[in-house]
Amino acid sequence: MLDYVSENREHLAEWEPRRPGYYYTLALWKQDLAAARAEFQRGQSFRLVLLRREELKGPIIGVCNFRNVVRGAFQACHLGYSMDYRFQGQGLMFEALSAAIRYAFEDLNLHRVMANYMPHNARSARLLDKLGFVREGFARDYLHIAGKWQDHVLTALTNPHWKSPFTP
Ligand SMILES: CC(C)(COP(=O)(O)OP(=O)(O)OC[C@H]1O[C@@H](n2cnc3c(N)ncnc32)[C@H](O)[C@@H]1OP(=O)(O)O)[C@@H](O)C(=O)NCCC(=O)NCCS
């Protein structure tokens, strides 16, 4: 992860929150990945990394993070993702998210995955559209990205096969 964020620092700067210097240290990532594991065990998030089939030990070439899992009447989560700049535009994030969303719907029985993008993020818009995400709204000053509050298009994908735990 440290290699991934370090090598993609410039590429991701436009699309992510400003990162402090310690974001690029092993100590931070040891702590962060321990927290990710604990969150996964509590069912609060699942953060996945993309690996090439022929290099399953790495390097990491992308990430997709499903966070803020809420159960009860909502059964939903937020999705964020990024791809190593050297592997963009090959359909790899589409392939990865197709499988990850199948896991979220079929294995975790979530009902809604929400993903939001800045209007000028044409690649992200295209990717979500291809995956079947539907535009649900537009939020002004929604997330603090690249040092300022930025408007976002709000989209979501719902699971038509969601199973109620109360149905026999
Ligand atoms: C968004 C991102 C994850 C897409 O990853 P990717 O592996 O390139 O995605 P895919 O190749 O599966 O799909 C991208 C689509 O956008 C299209 N695309 C590429 N460049 C584009 C551009 N400049 N304008 C419009 N569409 C573009 C591709 O052609 C592809 O569509 P297609 O399959 O119909 O040809 C990657 O570009 C990235 O990491 N961006 C920076 C971080 C980011 O934006 N994260 C998301 C924040 S909401």
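Ligands are counted one by one from 1 in listed order, and the atoms in each one are counted from 1 as well. Index from 1, following the sequence. For clarity, every value in this text was computed on a predicted model and none was experimentally measured. Just so it is clear, the values below take in all heavy atoms, side chains as well, and ignore hydrogens, waters and symmetry mates.
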Checklist entry - Heavy-atom contacts under 4.0 Å between Tyr85 and ligand 1: side chain, backbone, both, or neither? => result neither
Checklist entry - For the residue pair Thr158 and Pro160, what are the closest heavy atoms and their distance? => result O-CD, 3.3 Å
Checklist entry - Nearest protein heavy-atom contact for atom 5 (O) of ligand 1: which residue, which atom, what distance? => result Met93 CB, 3.5 Å
Next on the checklist: Under a 3.5 Å threshold, yes or no: a donor from one side chain and an acceptor from the other, between Arg37 and Gln41?
Outcome noted: no
Next on the checklist: If I compare all heavy atoms of Leu110 with all of Cys77, which pair ends up nearest, and what's the gap?
Outcome noted: CD1-SG, 3.9 Å
Next on the checklist: Does Asn68 form a side chain to side chain contact (heavy atoms under 4.5 Å, CB included) with Ser45? I'd like the steps, not just the answer.
Outcome noted: CA-CA 6 Å; Asn68 308 325; Ser45 74; over 6 Å; no
Item to check | Per-atom contacts of ligand 1 with Gly91, taking only distances under 4.0 Å to non-hydrogen atoms | outcome: 10 (P), 11 (O), 12 (O)
Checklist entry - Please state which protein non-hydrogen atom is closest to atom 41 (C) of ligand 1 and give its distance, to 0.1 Å? => result Trp15 CD1, 3.3 Å
Next on the checklist: Within the structure, is a non-hydrogen atom of Leu97 found at a distance of less than 4.0 Å from ligand 1?
Outcome noted: no
Item to check | Closest protein heavy atom (residue, atom, distance) for atom 8 (O) of ligand 1 | outcome: Gly89 N, 2.6 Å
Checklist entry - Does the ring center of Trp29 lie less than 6.0 Å from the ring center of Tyr23? => result yes
Checklist entry - Is there any N or O on Phe94 that sits under 3.5 Å from an N or O of ligand 1? => result yes
Checklist outcome for this item: Asn116 heavy atoms within 4.0 Å reach ligand 1 at atoms 48 (S)
Checklist entry - Of all residues at least two apart in sequence or in a different chain, which pass the side chain to side chain donor-acceptor pair (under 3.5 Å) check with Glu55? => result Arg52
Checklist entry - So is Leu127 polar-close to ligand 1, meaning N/O to N/O under 3.5 Å? => result no
Item to check | Nearest-neighbour protein heavy atom for atom 45 (N) of ligand 1, which is reported as residue plus atom name and distance | outcome: Tyr81 O, 2.8 Å
Checklist entry - Do Ile61 and Leu56 share a hydrophobic cluster, counting only Ile, Leu, Val, Met, Phe, Trp and Tyr and linking them when any side-chain heavy atoms are less than 4.5 Å apart? => result no
Item to check | Closest to atom 30 (C) of ligand 1 among Arg123, Lys130, Met118, Glu14 (heavy-atom distance) | outcome: Lys130
Checklist entry - Judged by modelled atom types alone, do Asn159 and His111 share a side-chain donor-acceptor pair under 3.5 Å? => result no
Checklist entry - Does the protein put any heavy atom within less than 4.0 Å of atom 34 (O) of ligand 1? => result yes
Checklist entry - What residue among Leu127, Leu97, Ile101 forms side chain to side chain contact (heavy atoms under 4.5 Å, CB included) with Phe133? => result Ile101
Checklist entry - Considering Gly80, Ala125, Ala122, Ala96, which one's heavy-atom position lies nearest to atom 24 (N) of ligand 1? => result Ala122
Item to check | Sub-4.0 Å atoms of ligand 1 with respect to non-hydrogen atoms of Gln88 | outcome: 8 (O), 36 (C), 37 (O), 38 (C), 40 (N)
Checklist entry - Is there a protein heavy atom at a distance of less than 4.0 Å from atom 15 (C) of ligand 1? => result yes
Next on the checklist: Can you tell whether the side chains of Lys163 and Glu106 come within less than 4.0 Å, N to carboxylate O?
Outcome noted: no
Next on the checklist: Using a 6.0 Å cut-off, check whether atom CD of Gln90 has over 12 heavy atoms from anything other than its own residue.
Outcome noted: yes
Checklist entry - What part of Asn121 sits under 4.0 Å from ligand 1 if we count only heavy atoms: the side chain, the backbone, both or neither? => result side chain
Checklist entry - Does the pair Arg86/Glu7 count as a salt bridge with the N-to-O cut at 4.0 Å? => result yes
Checklist entry - Nearest protein heavy atom to atom 39 (O) of ligand 1, by residue and atom, and its distance? => result Met83 N, 2.7 Å
Item to check | Part of His11 with heavy atoms under 4.0 Å of ligand 1, whether side chain, backbone, both or neither | outcome: side chain
Next on the checklist: Evaluate Leu12 for polar contact with ligand 1, using N/O atom pairs at a separation under 3.5 Å.
Outcome noted: no
Item to check | Validation row, ring centre Phe66 to ring centre Tyr103 under 6.0 Å | outcome: no
Next on the checklist: When you compare ligand 1 with Ser124, is there at least one nitrogen or oxygen pair between them that comes in under 3.5 angstrom?
Outcome noted: no
Next on the checklist: Under 3.5 Å between any N/O of Arg126 and any N/O of ligand 1: does that happen in this structure?
Outcome noted: yes
